[in-house]
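Numbered from 1 within each chain, the chains take letters A, B, ... in sequence-line order.
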Amino acid sequence: MTNAGLTAAAGPRAEPAAAEGPRYDFRAAEPRWQLAWAERGCFRVEDVPTDGRPKYYVMEMFPYPSGKIHMGHVRNYTLGDVVARYKRARGYAVLHPMGWDAFGLPAENAARERGVHPAKWTFENIANMRIELKRMGLSLDWAREFATCQPEYYRHQQKLFLDFLKAGLVERKESWVNWDPVDGTVLANEQVIDGRGWRSGAPVEKKQLSQWFLSITKYAPELLAALDTLDRWPERVRLMQANWIGRSEGARLRFSLAAPEAGIGQVEVYTTRPDTLYGMSFLAIAAEHPLAAAVAARDPKAAAFIAECRRSGTSEVAIETGEKQGYDTGLRVAHPFIAGASYPVWIANFVLMEYGTGAIFGCPAHDQRDLDFARKYDLDVTPVVLPPAADPASFAVGTEAYVGPGTAYNSDFLDGLDVDAAKRAAIEALAARGVGEGVTNWRLRDWGVSRQRYWGCPIPVIHCAACGVVPVPDDQLPVKLPDDVTFDRPGNPLDHHPTWKHVACPACGKPARRETDTFDTFVDSSWYFARYCSPLADVPVVRAAVDHWMPVDQYIGGIEHAILHLLYSRFFTRAMKETGHIAVEEPFAGLFTQGMVTHESYRTAEGPAGTWLYPEEIEKRPDGTAVHRETGEPIVVGRVEAMSKSKRNTIDPGAIIAKYGADTARWFILSDNPPERDMEWTEAGVAGAYRFTQRVYRMAEALDGTAAADIPTAFGTDGRALRRVTHRTIAAVTEALDSFAFNVAVARLYELANAVSDAEKAAASAEPGLDWARREAVEMLARLSAPMMPHLAEEVMIRLHPGGATLVADLPWPEADPALLVAESVTIAVQIMGKLRGTIAMPPDSPAEQAIAAAEAEPNVAKALEGKRIVKRVHVPNRIVNFVVAG
RNA sequence: GCCCGCCUGGCGGAACGGUAGACGCAGCGGACUUAAAAUCCGCAGCCGAGAUGGCGUGGGGGUUCGAAUCCCCCGGCGGGCACCA
């Protein structure tokens with residue numbers, strides 16, 4: 001280590017010089033208190049408590065066991081721990097559990113790349129991360145820990161699935177998937193990058209597979225409506241979910257083909273604009289539409305066009321370029337209202353099979369995509385909605401569709417109606433003819449949960465040639481993953497396993513095939529919060545336990561899960577209610593979404609992009625520039641951005657805790673800024689937090705000569721002032737913690753520490769009662785900071801009460817003495833026309849006449865008022881006197 | 001394109017419509033030290049020699065005795081969704 005570097009200068013030394021005096025030794029203290037809490041079982045609660053304390057369930061999103069904890073975890077679990085410790089002190093029985101989201105692809109990748117079994121890799125990672133989390137001093141009930149990859153967990157998930165199946169909440173259907181032909185697996189949309197598989201790099205194909213779906217769309221209306229009841233969720237998360245669910249009102253209508261094609265006589269279309277039916281100029285269907293397939297069967301050009309669409313997919317590239325492509329099938333459809341009129345049927349790349357019915361009617365004048373398409377292929381553009389104040393004779397649509405309000409025209413019986421009325425009239429007319437009806441459409445689609453992977457929860461069904469799909473009987477659960485699998489070839493190892501999938505049909509006993517797909521890992525995380533309530537039960541959840549603890553009062557995690565995980569959990573909870581497992585519908589009464597942890601990034605100057613460097617590889621110069629620690633070459637200090645392995649701008653929490661201690665890391669991560677915003681991790685900031693831990697400890701040490709005693713009968717000026725600060729701080733920190741303003745709580749505690757420092761200077765005067773006031777202040781400093789710095793708080797308390805202290809973790813939250821919250825004197829600002837002209841000191845709650853009189857007498861104010869006529873005197877008690885003057 | 005959020009010193013940020021910039025980081029001056037670190041004392045929005053002078057919360061307007069805060073317009077940044085029919 002070099003002493004020129006900022007990093008070296010800031011850290012504590014391993015061996016303090018003798019002259020420095022004692023220092024807080026976090027290396028000894030933190031493990032000691034962690035052990036004390038564990039031995040006393042401070043954070044344990046019962047599945048079904050009987051002690052009558054009100055319950056509080058706080059939980060952070062459980063980690064994926066990737067190997068090491070990262071700063072995002074530190075922030076997440078620190079935030080949750082502050083809430084847990086604070087609520088516990090406030091008298092709640094707090095359930096604060098931890099577990100592992102342990103299934104997932106990285107374990108399989110490790111198996112393929114390094115030959116280590118996914119289970120071994122996962123459990124080794126868990127063991128390591130558990131040690132790291134324990135070093136943070138979190139107030140967790142570790143007795144509730146589980147990993148989702150344990151059969152003891154996933155057997156209950158299988159049971160839930162079978163219950164859902166029985167209740168009609170599960171469907172097996174064909175669906176289009178992204179297929180990686182090299183890896184032989186289905187890819188999630190996120191895993192398709194520029195039309196290629198993220199691992200294999202092979203062009204992704206669209207393929208139709210039979211998959212299991214959870215019927216989340218059955219709950220679409222209530223999942224949307226209940227968002228309004230989630231008043232302790234961030235507004236933007238509720239908005240994102242509302243957009244995702246995507247309710248729209250429209251009509252479904254059927255167009256008759258002039259001549260049936262392969263037995264298909266009608267095309268069903270969904271539209272939100274039935275009022276524009278008279279502006280129709282074509283009908284377009286998705287490439288995956290059955291009618292398209294029928295045409296392709298006899299028309300090689302159509303087949304080629306469909307193949308082309310399938311290659312580019314409906315994602316990424318095709319959408320980016322935005323080029324509309326179509327193929328005229330030569331088929332014609334009739335208009336529902338205009339007798340004798342017919343329109344061409346196109347296959348178009350911009351029509352999605354997944355939304356609506358996979359077919360649209362094109363009204364180019366009033367839809368931009370339809371217009372782009374019509375212009376490209378020279379189709380008719382007939383406006384049928386006249387904008388307000390536009391002239392029907394001259395109004396025309398050029399390159400921009402008109403989508404605003406207006407009056408129907410060129411539309412026969414709809415003419416003269418506004419858009420809303422025309423929609424209603426059109427729907428009525430469709431219904432009267434029996435060719436359509438008004439419907440509500442949802443963007444939300446059913447949740448495909450089948451994955452062709454090994455490291456996931458097996459889907460507990462058996463396929464029998466005779467009986468069809470047969471659920472695995474309860475007494476055969478769990479369907480365990482086989483251990484002896486190989487990863488030496490692409491595809492699903494479960495499918496390759498020589499014996500696993502071959503079973504007897506539970507219904508008829510004939511040879512049958514086990515389902516080899518496993519669940520999407522989002523299934524694992526959709527009910528773990530319920531399992532925590534009774535983690536050892538031999539049923540998925542014990543009703544009395546979930547009835548007591550659920551819903552989660554405060555859930556904390558990253559905004560990246562704003563949609564999928566939270567929506568799936570909300571669905572799962574409803575499905576569990578329907579199948580009798582739980583009483584509540586909403587799993588998370590309160591949600592807090594934290595910001596990311598960011599850091600400067602560094603890279604070498606050479607090359608177009610340079611090479612990314614880790615923070616410990618560079619050395620900062622006082623002028624802000626940086627050089628390579630070893631080679632001395634100049635380094636480009638890049639943007640502050642989210643910590644990521646690829647940018648190498650990561651800070652290892654383990655190293656920080658080893659160097660500064662858990663309390664310092666926790667304190668810094670809370671103090672820097674509001675927790676919902678992104679924070680920048682800086683070495684200087686951590687060092688500052690570390691200095692504060694030492695300072696607080698020194699304050700306790702400085703009181704070593706004084707004894708704890710009864711409250712004095714009288715205090716001097718300094719003592720009274722200090723006590724006021726102490727009790728104001730109790731009130732302010734309490735308020736800040738209640739509102740997640742942890743950075744403000746930290747600021748108030750710094751202020752209290754500064755007041756203690758002032759009192760230390762005054763202590764030489766030996767004012768009566770001052771030592772007592774100092775003891776009180778330091779004790780409150782410790783107890784109020786205990787949710788943030790729990791180890792230091794214990795250490796300070798044992799110093800203040802040698803031999804006789806109760807664990808801070810067991811102490812109730814301090815209460816401010818209301819008498820001390822009232823100031824002896826208040827400063828009132830005096831304004832003239834809203835401009836500050838002076839201040840006056842008054843007794844609190846002085847009457848208006850007295851305050852105004854004192855304000856007018858203030859020299860600077862009096863001078864400014866000279867020769868002016870006071871028109872109005874505004875008095876706000878204890879705050880403001882404002883004079884409105886004329887002349 | 002649609003929807004949402006944000007914009008305050010060098011930086012992170014504080015501020016029930018009521019003294020803008022608390023608190024921290026970085027900085028500057030001083031004490032202690034051979035020196036440094038640590039610690040302690042002090043300074044610190046901008047302009048101004050200075051003032052309880054002026055100007056200041058992205059820009060412009062409005063409401064109000066009084067606006068960082070409420071309303072309208074504009075700009076910038078960030079996020080979500082998106083051939084969604």
Just call it for A:Thr839: base, sugar-phosphate, or nothing, with non-hydrogen atoms closer than 4.0 Å on any strand.
-> base

Between P of B:rC55 and NZ of A:Lys835, the distance in whole Å = 5 Å

Would you say the base of B:rC40 and the side-chain of A:Lys761 have a donor-acceptor pair closer than 3.5 Å?
-> no

Give the rounded distance in Å between these two atoms: CD1 of A:Ile880 and C1' of B:rA15.
-> 13 Å

Audit row: A:Val345, A:Phe255, side chain to side chain contact (heavy atoms under 4.5 Å, CB included) steps and yes/no | CA-CA 11 Å; A:Val345 176; A:Phe255 286 89; over 6 Å; no

In whole Å, what is the span from the CZ atom of A:Arg873 to the C1' atom of B:rG18?
-> 19 Å

Report the base-pairing partner of B:rU34 (Watson-Crick or G-U wobble, both distances below 3.5 angstrom), or none.
-> none

Using only side-chain N and O atoms of A:Tyr355, determine if any of them is under 4.0 Å from OP1 or OP2 of B:rA85.
-> yes

Kindly give the heavy-atom pair with the smallest separation between A:Leu737 and A:Phe742, and that separation in Å.
-> CD2-CD2, 3.5 Å

NA contact type, A:Pro859, heavy-atom cut-off 4.0 Å: base, sugar-phosphate, or nothing?
-> nothing

Go through B:rC83, B:rA82, B:rA85 for me and flag the one nearest to the A:Thr271 side chain.
-> B:rA85

Whole-Å distance between B:rG80 C1' and A:His561 NE2?
-> 16 Å

Relative to the 5' end of RNA chain B, which residue comes earlier, A:Met240 or A:Thr682, by the nucleotide with the nearest heavy atom?
-> A:Thr682

Protein-nucleotide distance (A:Leu836, atom CG; B:rG45, atom P), rounded to Å | 16 Å

What nucleic acid atoms does A:Asn754 come within less than 4.0 Å of, heavy atoms only: base, sugar-phosphate, or nothing?
-> sugar-phosphate

For the pair made of CG in A:Leu821 and P in B:rC16, what is the distance, rounded to whole Å?
-> 17 Å

Given B:rA82, B:rA22, B:rC65, the nucleotide with the shortest approach to the side chain of A:Ala747 = B:rA22

Grab the CD-P distance between A:Glu600 and B:rA26 for me, whole Å please.
-> 14 Å

Indicate, with a heavy-atom threshold strictly under 4.0 Å, whether A:Glu751 touches base, sugar-phosphate, or nothing.
-> sugar-phosphate

note: A:Glu735, atom CD; B:rC23, atom P; distance rounded to Å ~ 18 Å

Is the side chain of A:Asn673 donor-acceptor paired with the backbone N or O of A:Asp678 at a distance under 3.5 Å, no angle test?
-> yes

Is a donor-acceptor contact shorter than 3.5 angstrom present between the side chain of A:Arg748 and the base of B:rA22?
-> yes

Taking a pair as Watson-Crick or G-U wobble with both distances under 3.5 Å, which nucleotide is matched to B:rG27?
-> B:rC43

Enclosure of A:Glu735 CD (heavy-atom neighbours >12, cutoff 6.0 Å) = no

Hey, does the Lys NZ or Arg CZ of A:Lys324 hover above the aromatic six-ring of A:Phe350, less than 6.0 Å from the centre and inside 45° of the axis?
-> yes

Give none if B:rA49 has no partner; otherwise give the nucleotide forming a Watson-Crick or G-U wobble pair with it, both distances under 3.5 Å.
-> none

Identify the nucleotide, in any strand shown, that forms a Watson-Crick or G-U wobble pair with B:rG56, with both distances under 3.5 Å; if there is none, say none.
-> none

Identify whether any heavy atom of A:Val884 sits under 4.0 Å from a base atom; if not, whether one sits that close to sugar-phosphate; answer base, sugar-phosphate or nothing.
-> sugar-phosphate

Taking OP1 and OP2 of B:rG54, is either one under 4.0 Å from a side-chain nitrogen or oxygen of A:Arg837?
-> yes

Who pairs with B:rU64 - Watson-Crick or G-U, where each distance is under 3.5 Å | none

Closest approach of A:Ala220 to A:Leu444 (non-hydrogen atoms, all atoms of both residues) = CB-CD2, 4.1 Å

How about A:Tyr690 and A:Trp667: are their ring centres within less than 6.0 Å of each other?
-> no

May I ask you to check whether over 12 heavy atoms, not counting those of A:Arg236, lie within 6.0 Å of atom CZ?
-> no

So what's B:rG5 paired with, Watson-Crick or G-U wobble, going by both distances under 3.5 Å?
-> B:rC77

Map A:Val746 and A:Asp672 onto RNA chain B by nearest heavy atom, then report which one ends up closer to the 5' terminus.
-> A:Asp672

Mind checking A:Gly838 for me? I need base, sugar-phosphate or nothing, with any heavy atom below 4.0 Å counting as a touch.
-> base

Hey, is the side chain of A:Asn743 poking within less than 4.0 Å of OP1 or OP2 on B:rA14, counting only N and O atoms?
-> yes

Using purine N1 to pyrimidine N3 plus N6-O4 or O6-N4 for Watson-Crick, or N1-O2 and O6-N3 for G-U wobble, each under 3.5 Å, what pairs with B:rA15?
-> none

Checking all strands, does A:Tyr270 fall into the base, sugar-phosphate, or nothing category for heavy-atom contacts under 4.0 angstrom?
-> base

Is the base of B:rG45 syn or anti, if syn means a glycosidic angle within 90° of 0?
-> anti

Check whether any side-chain nitrogen or oxygen of A:Asn673 sits under 4.0 Å from OP1 or OP2 of B:rG24, and answer yes or no.
-> no

With distance as the sole criterion, do the side chain of A:Asn243 and the base of B:rC81 form a donor-acceptor contact below 3.5 Å?
-> no

Does the side chain of A:Arg691 get closer than 4.0 angstrom to OP1 or OP2 of B:rC25 through an N or O atom?
-> yes

